[in-house]
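Small disclaimer: the values here were computed from a predicted structure and weren't measured. In what follows, every chain begins at residue 1, and chains take the letters A, B, ... in the order their sequences are listed.
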Amino acid sequence: MLHLSEQEIIRRQYLDEFRNLGIDPYPAAMFDVTTLASEIKDGFDIHPDQFKNIRIAGRIMSKRIMGKAAFAEIQDSSGRIQAYINRDLICPNDNKELYNTVFKKLCDIGDFVGLEGYAFRTQTGELSIHVSEFKFLSKSLHPLPIVKTDADGKIHDAFTDPEQRYRKRYVDLIVNPHVKETFIKRSRLINSMRNYFNSKGWLEVETPVLQSIHGGAAARPFKTHHNALDMQLYLRIANELYLKRLIVGGFDGVYEFGKMFRNEGMDRTHNPEFTSMEIYIAYKDYLWMMEMVEDCLQTVVNEVCGSPICSISGKEINFSKPYLRLSMYEAIEKYAGIDVAQSDESTLRNYCRNNRIEIEDNMAWGKLVDTIFSDKVESNLIQPTYIIDYPLEMTPLAKKHRSKEGLVERFELYVNGKEIANAYSELNDPIDQRNRLEEQLNLAARGDEEAMVMDEDFVHALEYGMPPTSGLGIGIDRLTMMITGQEAIQEVLFFPQMKPESKQG
RNA sequence: GAUCUGUUAGCUCAGUCGGUAGAGCAACGGCCUUUUAAGCCGUGGGUCUUGGGUUCGAGUCCCAAACAGAUCACCA
């Protein structure tokens, strides 16, 4: 059922009035745009002669009518510019219908129009388009939120309700220019990173989203079903095991930007589907990878933000290399004051109880260390910091440390108290890998719902031999949050997951 | 999943002690040929998120539900 407001009914009536005048409110023919609003704003004062005969198109965002002349703001993909519309200029003959009826009455805020004319400055100095030709391009049937900015820059009637903004992102993008900026930055970030990898000769690849075994990370998956094969499939929680198969297959460097799906809680830093970038480089180790990551991020942040420094929640984050390196044990000792290397499981349990850190009975030693780290250390890691050398129990896909007993060659990159990257010297000993995955099965038996499952084909691939390899995953959404200063993942996803609006009643 | 807060016109918001709902913008009808949160005169627009309850009477008080936000738990 369509329940229309008064304003929506009137806009529908205008469709008929357009057609009665012989004007198609949704014309088929293209409108040949020559110039963007931003080009006029940037170029007019330097080359005013280049804007003598221009055609622009966009949405009407405001109308100020003064009898036989009017001003309207036109918004195109690049921004807004004012148009000056004079009755006798767009209606040179006796028939003033185009101005009096079409423009003044039938054009609403939100409609698309095409304009031809020249750029000039009004008496008050506002850069405008002096319109000689006026073409109606598309009707909008819903009123838009009217956001106005006054002379002091104060915003009135801002469209700010997060629920409305996320559900109707298209409206958000129309009326909130800064939202568009955030998503443009996101796109440029991904492009910049892709260019960086391509310039090194690494290959962008695609691996399955639908997997019969959900491997490569500790998380609960979404289940789905393939009808023709009559089998259960999972949406991938990671693509790691497939990318390593490609290294086995002989590629030196492969990377993939892709959506991952995890069937877990949602909040301002978690969406059920999110974008990760994983990259695997043969003959390298995690020490090399740290240097690559800091060089890549410095380059990319510089390209996207114009400087290696971005600010979020009042803090300045500097992505210039090199980044501080701290072993996990050092970090815990520094911020929690406990030497976990010298502590057994019961000592860790006592520490957690005394420090009011919530733990569960099925947590093993490694999980307890991880819990203490999350609770005491993470929030202190504001500037980009590598946490290196993790306990073996927590990391079944990483290679044992070359010199430190009980550790693996792994690092995570923390920025603003959040993990944004995770990397290993990848485990390529197939016997060790099989044993480590079997230990995961024990954890699962102990009640760990996120423990990894055995992937026989992956182990089989390793048995053919994988060169020493370093692998990395970066959370693209979180990195985007850092460089755009956003505190919520929903602000860097066009369409964050939402429950359907209830239609009961 | 837990707790707290919110949901009133197209948008942003008021709504007092419980007495059948208001403003600005937007819309509609006028006036106005360089305005800019344009202005002036006039008009219309509401299932107060939904469902129960208390009451002579509920936007307002009570209970439940839906959705969202924040905090927490889980996770990246």
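The distance from atom CG of A:Leu141 to atom C1' of B:rA26 is 16 Å, rounded to the nearest whole Å. Counting to the nearest Å, the P atom of B:rC74 and the NZ atom of A:Lys418 are 16 Å from each other. Straight-line distance from the CG atom of A:Leu4 to the P atom of B:rU47: 13 Å, rounded to whole Å. Rounded to whole angstrom, the span from the NZ atom of A:Lys499 across to the P atom of B:rU7 amounts to 20 Å. Atom CZ in A:Arg262 sits roughly 13 Å away from atom C1' in B:rC74 (whole-Å rounding). Rounding to whole angstrom units, CD1 of residue A:Ile174 and P of B:rA26 are separated by 18 Å. Here B:rA26 presents its C1' atom at 17 Å from NZ of A:Lys105, a figure rounded to the nearest Å. Distance A:Glu6 CD to B:rC11 C1': 15 Å, rounded to the nearest Å.
The aromatic rings of A:Tyr84 and A:Phe71 lie tilted to each other, with the angle between the two planes from 30° to 60°.
A salt bridge does not link A:Asp111 with A:Arg59: none of the charged nitrogens is closer than 4.0 Å to a carboxylate oxygen.
The residue A:Ala217 sits apart from the nucleic acid: no heavy atom pair falls under 4.0 Å. Across all strands shown, A:Lys168 has no heavy atoms under 4.0 Å from either base or sugar-phosphate atoms. Among the protein residues, A:Phe261 comes within range of no part of the nucleic acid, since none of its heavy atoms lies under 4.0 Å from any strand. Here A:Asn271 lies in heavy-atom contact (under 4.0 Å) with a base. When heavy atoms are screened at a 4.0 angstrom cut-off, A:Arg268 is found touching the sugar-phosphate backbone but no base atom. Within 4.0 Å of A:Met498, counting heavy atoms only, lie sugar-phosphate atoms of the nucleic acid but no base atom.
Shown here is A:Lys315, whose NZ atom has more than 12 heavy atoms of other residues, nucleotides or ligands within 6.0 Å. Counting heavy atoms of neighbouring residues, nucleotides and ligands inside a 6.0 Å radius, atom NZ of A:Lys168 does not exceed 12 of them.
Nucleotide B:rG44: unpaired (no Watson-Crick or G-U wobble partner with both distances less than 3.5 Å). As the counterpart of B:rU36, no nucleotide is assigned, since no Watson-Crick or G-U wobble pattern has both distances under 3.5 Å. When Watson-Crick and G-U wobble pairs are counted only if both distances are under 3.5 Å, B:rC67 pairs with B:rG6. With a cut-off of 3.5 Å on both Watson-Crick or G-U wobble distances, the partner of B:rC17 is given as none. When both pairing distances are held under 3.5 Å, B:rC11 makes a Watson-Crick or G-U pair with B:rG24. If you check B:rC72 for Watson-Crick or wobble pairing at under 3.5 angstrom, you find it paired to B:rG1.
For A:Tyr323, the ring pair (Phe, Tyr, Trp, His ring centres under 6.0 Å) test picks out A:Tyr386, with sequence neighbours left out.
A donor-acceptor contact under 3.5 Å links the side chain of A:Gln7 to the base of B:rA26. Taking only distance into account, the side chain of A:Asp267 meets the base of B:rC74 through a donor-acceptor pair shorter than 3.5 Å.
Under the 6.0 Å cut-off for aromatic ring centres, A:Phe18 and A:Phe136 qualify, their centroids lying closer than that. The six-membered or imidazole ring of A:Phe134 lies near that of A:Phe103, with a centre-to-centre distance under 6.0 Å. If you look at A:Phe183 and A:Phe494, their ring centroids are closer than 6.0 Å.
To the nearest whole angstrom, the two P atoms, one in B:rG59 and one in B:rA2, are 30 Å apart. Using C1' as the reference atom, B:rA65 and B:rA27 are 35 Å apart when rounded to the nearest Å. Using atom C1' as the reference point in both B:rU8 and B:rC48, the two lie 4 Å apart (nearest Å). For the P atoms, the distance linking B:rC13 with B:rG6 amounts to 14 Å, nearest Å. Separation of the C1' atoms belonging to B:rG10 and B:rC62 is 33 Å when rounded to the nearest angstrom. Here, B:rG15 and B:rA38 have their C1' atoms 30 Å apart, quoted to the whole Å. Taking atom C1' in both B:rG24 and B:rA66, one finds a spacing of 31 Å when rounded to whole Å. B:rC63 and B:rC4 are spaced 11 Å apart, taking the P atom of each and rounding to whole Å.
Counting only heavy atoms from C-beta outward, the side chains of A:Leu397 and A:Lys244 approach each other to under 4.5 Å. Here the side chains of A:Leu297 and A:Met193 are in contact, with some heavy-atom distance below 4.5 Å.
Regarding the sugar-base torsion, B:rU34 falls in the anti class, its angle being beyond 90° of 0. A syn orientation is assigned to B:rC17, its glycosidic angle lying within 90° of 0.
Judged by closest nucleotide on RNA chain B, A:Gln490 is the one of A:Gln490 and A:Arg220 placed further toward the 5' end.
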Please evaluate residues A:Glu409 and A:Lys399 with respect to the criterion salt bridge (Lys or Arg N to Asp or Glu O under 4.0 Å), reporting the C-alpha separation (whole Å), side-chain torsions for both, the decisive distance (0.1 Å), and the verdict. CA-CA 6 Å; A:Glu409 298 205 346; A:Lys399 191 176 272 193; over 6 Å; no
Under 3.5 Å between N/O atoms: give me all the protein pairs with nucleotides 31-42 of chain B, atom names plus distance.
from	atom 1	to	atom 2	distance (Å)
B:rC32	N3	A:Ile65	O	3.3
B:rC32	N3	A:Gly67	N	3.1
B:rU33	OP2	A:Lys68	N	3.3
B:rU33	O2	A:Asn86	ND2	2.4
B:rU33	O4	A:Asp88	OD2	2.4
B:rU34	O2'	A:Gln123	OE1	2.4
B:rU34	O2'	A:Gln123	NE2	3.3
B:rU34	O2	A:Gln123	N	2.9
B:rU35	O2	A:Arg64	NE	2.8
B:rU35	O2	A:Arg64	NH2	3.3
B:rU35	N3	A:Gln82	OE1	2.9
B:rU35	N3	A:Gln82	NE2	2.9
B:rU35	O4	A:Gln82	NE2	2.5
B:rU35	O4	A:Thr122	OG1	2.8
B:rU36	O4'	A:Arg64	NE	3.4
B:rU36	N3	A:Glu126	OE1	3.3
B:rU36	O4	A:Thr124	OG1	2.0
B:rA37	N1	A:His156	ND1	2.6
B:rA38	OP1	A:Lys148	NZ	2.3
B:rA38	OP2	A:Arg64	NH1	3.0
B:rA38	N6	A:Ile65	O	2.4

Between protein and nucleic acid, restricted to nucleotides 13-15 of chain B and to nitrogen or oxygen atoms under 3.5 Å apart, what atom pairs and distances do you find?
none

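In this structure, A:Lys105 fails the cation-pi test against A:Tyr99, since its NZ or CZ atom is not both closer than 6.0 Å to the six-membered ring centre and inside 45 degrees of the ring normal.
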